[in-house]
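Only one structure is covered here, and it is reproduced in the block below.
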Number of protein chains: 2
Amino acid sequence: MKITIDEVARRAGVSKATVSRVMNNSKPVKQEKYDRVMQVIEELGFIPNPVARGLAHQKTGLVGVVIPDITNPFFAELVKGIEEVVRDKNYNMVLCNTFHNFEKEMSYLKMLREKYVDGIIFMTAKVTHEHRDFFRSSQLPVTFINRKCEDLNVSSIDIDNYQAAHDITTFFLKRGHRRVAIIRAPLTDKTSGYERFHGYRDAMQAYGIELNASLVMRSNFKIENTYKTVRRFLREEPAVTAIFATSDLMAIGAIKALQDEGIQVPHQVEVAGFDDIPMASYYHPSITTVRQPIAEMGRTATKILIREINGEKVKNRNLILPYQLICRESTLTSKVSGE
Amino acid sequence: MKITIDEVARRAGVSKATVSRVMNNSKPVKQEKYDRVMQVIEELGFIPNPVARGLAHQKTGLVGVVIPDITNPFFAELVKGIEEVVRDKNYNMVLCNTFHNFEKEMSYLKMLREKYVDGIIFMTAKVTHEHRDFFRSSQLPVTFINRKCEDLNVSSIDIDNYQAAHDITTFFLKRGHRRVAIIRAPLTDKTSGYERFHGYRDAMQAYGIELNASLVMRSNFKIENTYKTVRRFLREEPAVTAIFATSDLMAIGAIKALQDEGIQVPHQVEVAGFDDIPMASYYHPSITTVRQPIAEMGRTATKILIREINGEKVKNRNLILPYQLICRESTLTSKVSGE
DNA sequence: ATGAAAGCGCTAACAG
DNA sequence: CTGTTAGCGCTTTCAT
């Protein structure tokens, strides 16, 4: 049932080295033998065992992808982009969901370690000491998405979250809004959520408005959580006129909460999100947001990673991609750009 | 840098066979040696190479998951369920997106073939001759989700799509609707989309209404496509009073289209979806739908698969899970169940 | 209880 | 150009 290179060699009347050469085009083989081997391979439907190959090569052809949660459309889109390149380069992707859990994160990293996968694409909220130890001790190429990590020798890809948040906050301020609330993710260390929060804070300050804690909502990555948070918030801060949600999922939770409180979006309260997940254009109302080139980030990260796996020296290995403000129905304005 | 079992054996002053026994608890080892080996393993931070292990065992500890599109929340949820069990059983998941493309599907299957992964969880719209050949010739355990495949020796998990569609159509008919439109996916062979369509057709007939081609919209799995289809449809069939979308994503596209045409949902037209993806409860209006136990299907499929990988004979290997009608804001009715 | 040795299937250095 | 051979790192008889 299981046919191996030896069987092919036997039937073709050559050595297995020759068969290997034929399969990999690694060394010239006389045409006649070449054809004979190829024919036997065809006939038998022989497929070399990738595990054995991996052992000999010290490569598995596997890329590990560690993300918080595949059910978050942002990560799904990212994975889609990653997959396109992974596939194109004849690798496969091992997907690991950490569900924002630090222990899971480390245990996955350990599973993927060393010879197992050839490289890792990694997304996390917080880079701890343990992470650093891990990445420093393992020789694996690693690419971070959605954050940089200067003190580690890893490549990374991100957008300028600070400036984007600054822009979108200013977009509200410019048109007269003063009570602009923000919904932010837990602030761990220098993550995108952290930067977005500071972009908001500084934009407000530029208009002479000091950070007002009562306009800051804390939530996480679940719509449900944001929904509840916003409903509670509205009881205490009915005077709010604009809300900057630091992700589109949060924006959806917020809009739903506003509507359930009988508040019109955008007429009474305007809402903006962040990311531009596909649902942002199809929600009702469609959502004004910061477009990140999500799939593109996934693709580029993977390209960089694979080049590093192949031992190439990549010069520009810490990229900042451009973002774009997309105005839609959740804010009142003549469309500056976008749809 | 790279430490192997030989190094451990040398340092512990035993043979590598003994080290192997210690690591796997495969055979009794004298306590004293056991401790010594363990200590060396600790000190060196030794981790056995899974590829070598795989070669010896003829197992990789990898499960292949082949789905159409991870950015579809239905599949994302499924993958989440799969992952939970995969992880729990100490396997890893190789994720493959086929983007509804038959060539990609086959080429992925081939990549995953034989020794590479230990089993496959497979989702597809159409089972072709080539699929059958593949699954018959490869000895790999395979579990289908979202469809059965009687003529193949595979396990499967699904819900009763026909009956669910029948129920939801009847739900409209019972309350007086007569012009009930359906949005269906491409009809390939006996897929869930096919069954849902027939459930609709038969429910209508049970009320004496023959299938009316002008009430049947064809779309695919992209919101955008459904959106356009429905807008076009509304120009020609303004008298429609209810729409059964055969997926929640379609329902979202439909509702958005209705609203953009100035039609109130549910007051002028009621809409129902299918699947109960998380967004169904947070869309505005929230969507009446058929709840499939999505993550549960993923979990159960994986449990079955892994048992078959381990050579267990699974008796109930073609499961039909229960579904549930969830009434929300996109239809007018006293809530029968759900939120 | 333990070590020696034979694979698992493929690649690559070496010798012709 | 081609065959022989020695690994890749671990598991598992087979003796002892």
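Labels below follow one simple rule: chain letters A, B, ... track the order of the sequence lines, proteins then strands, and each chain is numbered from 1.
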Just checking B:Lys33: base, sugar-phosphate only, or nothing, at a heavy-atom cut-off of under 4.0 Å? sugar-phosphate
What nucleotide, of D:dC8, C:dA6, C:dC10, holds the atom closest to the side chain of B:Lys16? C:dA6
For the pair made of CG in A:Asn24 and P in C:dA12, what is the distance, rounded to whole Å? 7 Å
Look at B:Asn49 and D:dC8 and indicate whether a side-chain polar atom (N or O) is within less than 4.0 Å of OP1 or OP2. no
OP1 or OP2 of D:dG7 sitting under 4.0 Å from any side-chain N/O of A:Gln58? no
Would you indicate what B:Tyr34 reaches in the nucleic acid, counting non-hydrogen atoms under 4.0 angstrom: base, sugar-phosphate, or nothing? nothing
Please determine whether the number of non-hydrogen atoms from other residues, nucleotides or ligands lying under 6.0 Å from atom CD of A:Glu42 exceeds 12. no
Tell me yes or no: between the side chains of B:Asp35 and B:Gln31, is some donor less than 3.5 Å from an acceptor? yes
Identify which nucleotide among C:dT11, C:dG9, C:dA1 has an atom closest to any side-chain atom of B:Lys30, counting heavy atoms from C-beta outward. C:dA1
Rounded to whole angstrom units, what separation is found between the OH atom of B:Tyr116 and the C1' atom of C:dC8? 17 Å
Test side-chain contact (heavy atoms from CB on, under 4.5 Å) applied to B:Phe99 and B:Asp69, B:Ile70, B:Thr71, the passing residue: B:Asp69
Are OP1 or OP2 of D:dT2 and a side-chain N or O of A:Thr18 less than 4.0 angstrom apart? no
Between A:Lys303 and A:Asp88, is there a salt bridge with N-O shorter than 4.0 Å? no
Using salt bridge (Lys or Arg N to Asp or Glu O under 4.0 Å), reason through B:Glu296 and B:Arg299 one step at a time and then give a plain yes or no. CA-CA 5 Å; B:Glu296 181 58 31; B:Arg299 281 191 291 269; 3.0 Å; yes
Of the nucleotides C:dT11, D:dG9, C:dG9, which has the atom closest to the A:Met23 side chain? C:dT11
From C:dC10, C:dG3, D:dC10, nucleotide with atom closest to B:Ala52 side chain: D:dC10
Integer-rounded Å distance: D:dC8 P and B:Glu7 CD: 13 Å
B:Phe221 ring center within less than 6.0 Å of B:Phe74 ring center: no
Does the side chain of A:Ser15 get closer than 4.0 angstrom to OP1 or OP2 of D:dG3 through an N or O atom? yes
So what does B:Val19 touch, heavy atoms closer than 4.0 Å: a base, only the sugar-phosphate, or nothing? nothing
Take B:Pro28 and A:Ile5, find for each the nucleotide of DNA chain C with the closest heavy atom, and name the residue whose nucleotide sits nearer the 5' end. B:Pro28
C:dT11 C1' sits how many Å from A:Asp6 CG, rounded? 13 Å
B:Ser107 and B:Glu103: side-chain donor and acceptor closer than 3.5 Å? no
Are there any protein N/O atoms within less than 3.5 Å of an N/O atom in nucleotides 13-16 of chain D, and if so, which ones and at what distance?
from, atom 1, to, atom 2, distance (Å)
D:dT13, O4, B:Arg21, NH2, 3.3

Nearest to the B:Leu55 side chain among D:dT11, C:dG3, C:dG9, which nucleotide is it? C:dG9
State which of D:dT11, D:dG3, C:dT11 makes the closest approach to the side chain of B:Ser20. D:dT11
Check this for me: B:Met106, atom CE, are more than 12 non-hydrogen atoms of other residues, nucleotides or ligands nearer than 6.0 Å? yes
Closest to the B:Val29 side chain: D:dG9, C:dT2, C:dT11? C:dT2
